[in-house]
Amino acid sequence: MVFLIISIIVLYGICFFVTRRLTWIEILTITWFGLYFETITDTYLDLKYDLYGYFNKGPDWASLIPLFGVFPPLNYLIMNFFPAKNEVARITIYLLAWDAFSIGYELLTIKYGVFYYNGWKWWYSAIVYPPIFLTLWYHLKFTRLLIKKRK
């Protein structure tokens, strides 16, 4: 739990000090969409199929700590620095860098007992993280389109 608390403090600290490139409404929609997406994913892969989980098997109040403590600042950081230009090579490198970071962090959470695998493999995560990050990016683009249409 100490690792998790330190992670949350560091992540929110970084969010506080980096240059903000997103509007507050963009941050809000990224946060809520990311939480919604994570909850749906965990409902099936964790609770229904028991492939992985947080702390203990089944629903656990403690799982709300990483849900609200880790995912919002990570989603913010990933989207805040997402390459503005649609250069495929640059976006690919960016996504692979965040993929590597996410896998490393996931493996540390396993080491410290925050997360566990039960049929899931680390390389499954390596495969699914980039599409998840792209889904967040497309959601951000959609949010910006809606904001632009409203003006």
Quick one: pull up [atom1] in [X] and [atom2] in [Y] and give me the separation to the nearest 0.5 Å.
| X | Y | atom1 | atom2 | answer |
| --- | --- | --- | --- | --- |
| D60 | Y54 | CG | OH | 11.5 Å |
| I132 | T41 | CD1 | OG1 | 6.0 Å |
| E87 | I93 | CD | CD1 | 10.0 Å |
| H139 | E26 | NE2 | CD | 10.0 Å |
| L134 | I91 | CG | CD1 | 7.5 Å |
| K48 | T43 | NZ | OG1 | 11.0 Å |

Do [X] and [Y] have side chains that approach each other closer than 4.5 Å (heavy atoms only, starting at C-beta)?
| X | Y | answer |
| --- | --- | --- |
| I14 | P73 | no |
| P130 | W98 | no |
| L95 | Y129 | no |
| E38 | D42 | yes |
| I25 | I147 | yes |
| R20 | I27 | yes |
| N118 | L51 | no |
| I78 | L136 | no |

Exercise. Evaluate the side-chain contact (heavy atoms from CB on, under 4.5 Å) criterion for residues L107 and F115: first the C-alpha distance (whole Å), next the side-chain angles of each, then the deciding distance (0.1 Å), finally the verdict.
Key: CA-CA 8 Å; L107 293 173; F115 195 63; over 6 Å; no
[X] with [Y], same ILVMFWY side-chain cluster at under 4.5 Å:
| X | Y | answer |
| --- | --- | --- |
| L96 | Y124 | no |
| W61 | V70 | yes |
| I40 | L47 | no |
| W24 | F142 | no |
| Y138 | Y76 | yes |

Quiz item: Taking it one step at a time, do E106 and Y117 satisfy side chain to side chain donor-acceptor pair (under 3.5 Å)?
Solution: CA-CA 10 Å; E106 185 174 297; Y117 290 157; 2.3 Å; yes
Practice problem: Take L67 and T39 through the test side-chain contact (heavy atoms from CB on, under 4.5 Å) and record every step on the way to the result. | Solution: CA-CA 8 Å; L67 184 69; T39 302; 4.2 Å; yes
Exercise. Start with the C-alpha gap between F101 and L74, add the side-chain angles, then the distance that decides, and say whether side-chain contact (heavy atoms from CB on, under 4.5 Å) holds.
Key: CA-CA 10 Å; F101 172 83; L74 278 178; 3.7 Å; yes
Closest non-hydrogen atom pair, [X] against [Y]:
| X | Y | value |
| --- | --- | --- |
| F55 | S63 | CD1-N, 4.1 Å |
| L77 | Y94 | O-OH, 3.6 Å |
| Y12 | G69 | CE1-O, 3.1 Å |
| N80 | T19 | ND2-O, 2.9 Å |
| S125 | I103 | CB-CD1, 3.5 Å |
| D99 | A126 | OD2-O, 3.0 Å |

Within 6.0 angstrom of [X] [atom1], more than 12 heavy atoms from elsewhere:
| X | atom1 | answer |
| --- | --- | --- |
| F81 | CZ | yes |
| Y49 | OH | no |
| Y36 | OH | no |

Quiz item: Do you see a donor-acceptor pair shorter than 3.5 Å between the side chains of Y105 and S7?
Solution: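 Side chains of Y105 and S7: pair found under 3.5 Å.
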Quiz item: Y52 and Y116: aromatic ring centres closer than 6.0 Å?
Solution: no
Exercise. Report the C-alpha separation of I8 and I65 in whole Å, then their side-chain angles, then the decisive distance to 0.1 Å, and conclude whether the side-chain contact (heavy atoms from CB on, under 4.5 Å) test is met.
Key: CA-CA 9 Å; I8 292 168; I65 298 169; 3.7 Å; yes
Quiz item: How are the rings of F82 and W137 set to each other: parallel, tilted or perpendicular (split at 30° and 60°)?
Solution: parallel
Quiz prompt | Partner of R144 under side-chain contact (heavy atoms from CB on, under 4.5 Å), chosen from T29, T23, L22 | solution =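 With R144 as partner, T29, T23, L22 yield a single side-chain contact (heavy atoms from CB on, under 4.5 Å), made by L22.
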Quiz item: Where the side chain of N75 meets the backbone of T31, is there a donor-acceptor pair that is under 3.5 Å apart?
Solution: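 Flag not set: sc N75 to bb T31 has no pair under 3.5 Å.
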